[in-house]
**Student:** 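Below is a structure I'd like to ask you about.
Residues take their numbers from the sequence shown, with the count starting at 1.
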Amino acid sequence: MKQLQHLVLTLILGTILPSFAMADTLPLVGNVMARKTTSLNGQWNYIVDVQEEGYYDYRMNPTAWGFFRNAKPQRPEDLVEYDFDTSPTMPIPSDWNTRDERLFFYEGTVWFKKSFDWHPAEGRNTLLYFGAVNYDCHVYVNGQKVGHHIGGFTPFNFDVTKQLKDGENTVIVKVDNKRHAEDVPTQIFDWWNYGGITRDVLLVDIAPLYIENYSLHIQKPFSMKGDKLNAQQQLQFQMKLNKAEAGQQVTLSIPELKINKTVTTDAEGKAAWQFMAKPQLWSPENPRLYRVNLTLNGETLTDDIGFRTIETRGKQILLNGQPIFLKGISIHEEKPNGGGRANSTEDAHTLLSWAKELGCNFVRLAHYPHNEYAVKEAERMGILVWSEIPVYWTIAWTNTQTFDNAQAQLRDMIARDQNRANIIIWSIANETPHSPQRDSFLSRLATYARTQDNTRLISMAMEVTGASNYVNRLNDNMNQYVDVVSFNQYIGWYRDVNDAPKMKWEIPYDKPVIISEFGGGAKAGYHGAKNQRWTEEFQENLYRENIAMIDKIEGLAGTTPWILKDFRSPRRVLPDIQQYYNRKGLFSDKGEKKKAFYVLQEWYKRK
């Protein structure tokens, strides 16, 4: 009998488990917001699975009887020890930490289930698209595994045409946000590890042959007259189909520029075209966007794209050929009032409006790619963007899978946002300790980034490597791979603020400098002497002293102080003051301005 049971189980595992390994993520579909989509946002049932019994058996082998089957008892004596339909619900997108008080500190597995009606259209395909899931997820449609994704801040999609049926369908997602040393980010990081399906879930209706992605930008080298940009510039258009199919005709139309051109794909399903045009250039003062139409087989994909140039000259950053000082602020992807993962135009508009009130023309979206609503809202509002992947602190530099993970996150960040005019910097790391292994890892990332997009600047947040006798020295082998030298410094917080006037800076590179972080903590409403830590007056004085100090740095091209608003962090445990918040914000977690806000605002008015 046991031999028969073993044979049956082997046959079952042989038919079900291989699909786990065979499932693969399709290349990311570009500009998903402009495609025909059906939202699966809303209430999803969820089950907290502390020991992952819904995925493994009691010997820690993947089980064929997991929660993904959504099993129901068929007879009175049947044993099924879970039930999605009678389990609680949670709005998606969101994070479980702020939606269920039992899960505030929880790191582990939660299963989510959504049932919906679907009526497939003949001759059409369907993609299942996730804006982001944190961190490791397995996705099932009607009991069949369709894919696996690792990484908490980038989108991904699967072709589920064959798995969907006419009528009621079910999507089940196993989400696991446990931290590991080989992950990106690694085991320790200074923000809340929000778990869950944190961004939109969409069904994307597409033709079997579709435009997978495209890019449109001003081509380098820029057309110049002396040191001035010419009004007429060469634009570069590139596109790729989802299949390597030659002879397909794609029409590019930009009505306001009187552009209408049909290109033909090559054997790889790609096409490119260079042409001259005279667009008004996108800038913070004039965030001009042009309606762009791409048509394939009678189906049109639209986008709103801005055109601008970005480059460096010595220690200057040039936007549209003119030097610009980047008046910035760092931002975490948290809701403006209280904690929780932000994911809406409304959230983005509030945060970015605070930055505009501060006087910013630039934001550093730290320490990972933020949601697409935030990037697009910044573009509409005329705010330049630094976008970053979470290669943060002590990454496993020699682990091949870790590098592949980081490279995939970099690839997908660029693929999603390559047509956003406001993004001027791709950042590949933050505060990473020096070593030959680190240099190898990061140099390969920087080189790879340029293969994906050679139109933007590359940077990373470095650390000052020496500070003896009040001389701060920056010495980083990555200087040769970045266009902008950026570093974090916390004089006044981790070092006596009275040292600031004595400080000198040695930055031996003929490149622009951005101070990517400086600042200190204060609890909103807590007042006292300027030498009393945690008071608004302490933070206010720290900002005054730091601004006076960094204003003297040769080649200073911008700053992104840390940080716009207080944000949750499990590393910040001081009772009554921190209460699991990093208090370095210029706004409190409730949106209250602190006194240091006005110090920075006044400086930016003078820059």
**Student:** Given side-chain hydrogen bond (donor to acceptor under 3.5 Å, both in side chains), test Asn31 with Asn419 step by step and report yes or no.
**Tutor:** CA-CA 9 Å; Asn31 192 13; Asn419 291 308; over 6 Å; no

**Student:** Considering all heavy atoms of both residues, which atom of Thr126 and which atom of Thr161 are nearest to each other, and what is their separation?
**Tutor:**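 Scanning both residues, the minimum pair turns out to be N-OG1, 2.9 Å.
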
**Student:** Just checking, any donor-acceptor pair under 3.5 angstrom between side chains of Thr295 and Thr300?
**Tutor:** yes

**Student:** Give the minimum heavy-atom separation between Ala421 and Phe307, together with the two atoms involved.
**Tutor:**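 Closest approach of Ala421 to Phe307, heavy atoms only: CB-N, 4.5 Å.
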
**Student:** Evaluate the criterion salt bridge (Lys or Arg N to Asp or Glu O under 4.0 Å) for residue pair Asp476 and Arg438; output intermediate values, then yes/no.
**Tutor:** CA-CA 11 Å; Asp476 196 311; Arg438 169 263 203 182; 2.8 Å; yes

**Student:** Within the supplied structure, the quantity of interest is the number of heavy atoms (other residues, nucleotides, ligands) at a distance under 6.0 Å from Lys162 NZ; does it exceed 12?
**Tutor:** no

**Student:** Look at the aromatic rings of Phe587 and Phe597 and report parallel, tilted or perpendicular, splitting at 30° and 60°.
**Tutor:** perpendicular

**Student:** Any side-chain donor paired with an acceptor under 3.5 Å for Ser516 and Thr560?
**Tutor:**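 On atom types as modelled, these side chains do not qualify, holding no pair under 3.5 Å.
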
**Student:** Is the shortest side-chain N to carboxylate O distance from Asp417 to Arg420 below 4.0 Å?
**Tutor:** no

**Student:** Can you find a side-chain donor-acceptor pair between Asn488 and Glu463 that sits under 3.5 Å?
**Tutor:**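 There is no such pair (donor and acceptor under 3.5 Å, judged by atom type) between the side chains of Asn488 and Glu463.
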
**Student:** On the six-membered ring of Phe325, is Lys607 placed so that its NZ or CZ lies under 6.0 angstrom from the centre and within 45° of the ring axis?
**Tutor:**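 Positive - Lys607 is close enough to the ring of Phe325 and near enough to its axis.
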
**Student:** What I'd like to find out is whether the side chain of Glu372 reaches to under 4.5 Å of the side chain of Met33, using heavy atoms alone.
**Tutor:**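 In contact.
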
**Student:** Taking the six-membered ring for Trp, is the centroid-to-centroid distance between Phe487 and Trp505 below 6.0 Å?
**Tutor:**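 That pair passes the under 6.0 Å test.
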
**Student:** Sort out for me which residue in Ile389, Val391, Asn430 forms a side-chain contact (heavy atoms from CB on, under 4.5 Å) with His367.
**Tutor:**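 Running side-chain contact (heavy atoms from CB on, under 4.5 Å) over Ile389, Val391, Asn430 with His367 returns exactly one hit, Asn430.
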
**Student:** Side chains of Asn405 and Thr402: any donor to acceptor distance under 3.5 Å?
**Tutor:**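 No - no donor-acceptor pair under 3.5 Å links their side chains.
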
**Student:** Regarding His349 and Glu377, is there a side-chain donor-to-acceptor distance under 3.5 Å anywhere?
**Tutor:**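 On atom types as modelled, these side chains qualify, holding a pair under 3.5 Å.
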
**Student:** When rounded to the nearest 0.5 angstrom, what distance separates CG in Asn475 from CE in Met462?
**Tutor:**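 Interatomic distance, Asn475 CG to Met462 CE, rounded to 0.5 Å: 10.0 Å.
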
**Student:** Do Trp282 and Tyr290 have their ring centres less than 6.0 Å from each other?
**Tutor:** no

**Student:** Out of curiosity, Gln233 CD to Asn320 CG, how far, rounded to the nearest 0.5 Å?
**Tutor:** 9.5 Å

**Student:** Testing the 3.5 Å rule here: is there a donor-acceptor pair between the side chains of Thr262 and Thr251?
**Tutor:** yes

**Student:** Shortest non-hydrogen contact from Ala348 to Ala374?
**Tutor:** CB-CA, 3.6 Å

**Student:** Are a donor atom and an acceptor atom from the side chains of Asn546 and Gln489 found within less than 3.5 Å of each other?
**Tutor:** yes

**Student:** Does any N or O in the side chain of Asn213 come within less than 3.5 Å of the main-chain N or O of Ala415, such that one atom is a donor and the other an acceptor?
**Tutor:** yes

**Student:** Just verifying a value: how many Å separate Ile310 CD1 and Asp483 CG, rounded to the nearest 0.5 Å?
**Tutor:** 10.0 Å

**Student:** Do you see a donor-acceptor pair shorter than 3.5 Å between the side chains of Asp205 and Asn125?
**Tutor:** no

**Student:** Determine, using ring centers only, whether Trp603 and Tyr543 are less than 6.0 Å apart.
**Tutor:** no

**Student:** Quick check: do Val599 and Ile547 have side-chain heavy atoms less than 4.5 Å from each other?
**Tutor:**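 SC-SC contact between Val599 and Ile547 confirmed.
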
**Student:** Kindly compute the distance separating CG (Leu28) from CD1 (Ile414), expressed to the nearest 0.5 Å.
**Tutor:**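 One finds 12.0 Å between CG of Leu28 and CD1 of Ile414.
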
**Student:** Minimum heavy-atom separation for Ala461 and Ser427, please, with both atom names.
**Tutor:** N-OG, 4.3 Å

**Student:** Flag the pair Leu203 / Leu128 as yes when at least one side-chain heavy-atom distance between them is below 4.5 Å, and no otherwise.
**Tutor:**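 Yes, close enough: below the 4.5 Å cut-off.
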
**Student:** Is the distance between the ring centroids of Tyr129 and Phe156 under 6.0 Å?
**Tutor:** no

**Student:** Could you please spell out the steps behind the side-chain contact (heavy atoms from CB on, under 4.5 Å) verdict for Ile218 and Arg308?
**Tutor:** CA-CA 7 Å; Ile218 296 177; Arg308 55 98 190 98; 5.8 Å; no

**Student:** Output, in order, the C-alpha distance, side-chain angles, deciding distance and verdict of salt bridge (Lys or Arg N to Asp or Glu O under 4.0 Å) for Glu256 and Arg288.
**Tutor:** CA-CA 12 Å; Glu256 291 175 280; Arg288 179 74 158 87; 3.0 Å; yes

**Student:** Minimum heavy-atom separation for Leu384 to Pro284, with atom names?
**Tutor:** CD1-CG, 4.0 Å

**Student:** Taking the side chain as every heavy atom from C-beta outward, state whether Pro323 and Ile317 have any atom pair closer than 4.5 Å.
**Tutor:**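 No, side chains not in contact.
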
**Student:** Could you tell me whether the side chains of His434 and Asn477 share a donor-acceptor contact shorter than 3.5 Å?
**Tutor:**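 Result is no, nothing qualifies.
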
**Student:** If you take the centroid of each ring, where Trp contributes its six-membered ring, are Tyr448 and Trp426 closer together than 6.0 Å?
**Tutor:**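 No; Tyr448 has its ring centre 6.0 Å or more from that of Trp426.
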
**Student:** Side chains of Met239 and Glu212: closer than 4.5 Å at any heavy-atom pair?
**Tutor:** no

**Student:** Do Asn361 and Ile383 pass the side-chain contact (heavy atoms from CB on, under 4.5 Å) test, and can you show the C-alpha distance, the side-chain angles, and the key distance before you say yes or no?
**Tutor:** CA-CA 5 Å; Asn361 59 14; Ile383 300 176; over 6 Å; no

**Student:** Taking the six-membered ring for Trp, are His370 and His332 closer than 6.0 Å centroid to centroid?
**Tutor:** no

**Student:** We want to know whether Gln234 and Gln274 form a side-chain donor-acceptor pair, criterion being a heavy-atom distance below 3.5 angstrom.
**Tutor:** no

**Student:** Phe153 versus Arg199: any side-chain heavy-atom pair under 4.5 Å?
**Tutor:**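 In contact.
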
**Student:** Leu564 vs Leu586, test: side-chain contact (heavy atoms from CB on, under 4.5 Å). Steps then yes/no.
**Tutor:** CA-CA 5 Å; Leu564 181 67; Leu586 297 178; 5.6 Å; no

**Student:** When you look at Ser459 and Ser486, which way does the side-chain hydrogen bond (donor to acceptor under 3.5 Å, both in side chains) test go after all the steps?
**Tutor:** CA-CA 7 Å; Ser459 193; Ser486 306; 2.8 Å; yes

**Student:** Checking salt bridge (Lys or Arg N to Asp or Glu O under 4.0 Å) between Glu333 and each of Lys565, Arg364, Arg341, which is the one that passes?
**Tutor:**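 Only match with Glu333 under salt bridge (Lys or Arg N to Asp or Glu O under 4.0 Å): Arg341.
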
**Student:** Indicate whether any N or O donor in one side chain lies under 3.5 Å from an N or O acceptor in the other, for Glu299 and Tyr210.
**Tutor:**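 No pair is found: no donor N or O on one side chain lies under 3.5 Å from an acceptor on the other.
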
**Student:** Flag the pair Trp273 / Phe237 as yes when their ring centroid distance falls below 6.0 Å, and as no otherwise.
**Tutor:**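 Not close enough - the centres of the two rings lie 6.0 Å or further apart.
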
**Student:** Tyr373: which residues meet the ring pair (Phe, Tyr, Trp, His ring centres under 6.0 Å) condition with it, sequence neighbours left out?
**Tutor:**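 Per chain and number, Tyr373 pairs via ring pair (Phe, Tyr, Trp, His ring centres under 6.0 Å) with no residue.
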
**Student:** side-chain contact (heavy atoms from CB on, under 4.5 Å) between Ile507 and Ile553: does it pass, once the steps are laid out?
**Tutor:** CA-CA 9 Å; Ile507 305 170; Ile553 295 176; 3.8 Å; yes

**Student:** Could you tell me whether the side chain of Leu252 reaches within less than 4.5 Å of the side chain of Val263, counting heavy atoms only?
**Tutor:** no

**Student:** Say whether Tyr604 and Thr559, considering side chains only, have a donor N or O and an acceptor N or O under 3.5 Å apart.
**Tutor:** yes

**Student:** Determine, for Arg444 against Asp439, whether the closest basic-nitrogen to carboxylate-oxygen distance falls under 4.0 angstrom.
**Tutor:**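 The answer is no: the pair does not qualify as a salt bridge.
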
**Student:** Is the closest side-chain heavy-atom distance between Tyr392 and Thr186 below 4.5 Å?
**Tutor:**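 Side chain of Tyr392 against side chain of Thr186, heavy atoms only: no contact under 4.5 Å found.
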
**Student:** Between Gln248 and Thr265, do the side chains contain a donor N or O and an acceptor N or O under 3.5 Å apart?
**Tutor:** no

**Student:** Is the closest basic N to carboxylate O distance between Glu268 and Lys270 below 4.0 Å?
**Tutor:**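 The answer is yes: the pair qualifies as a salt bridge.
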
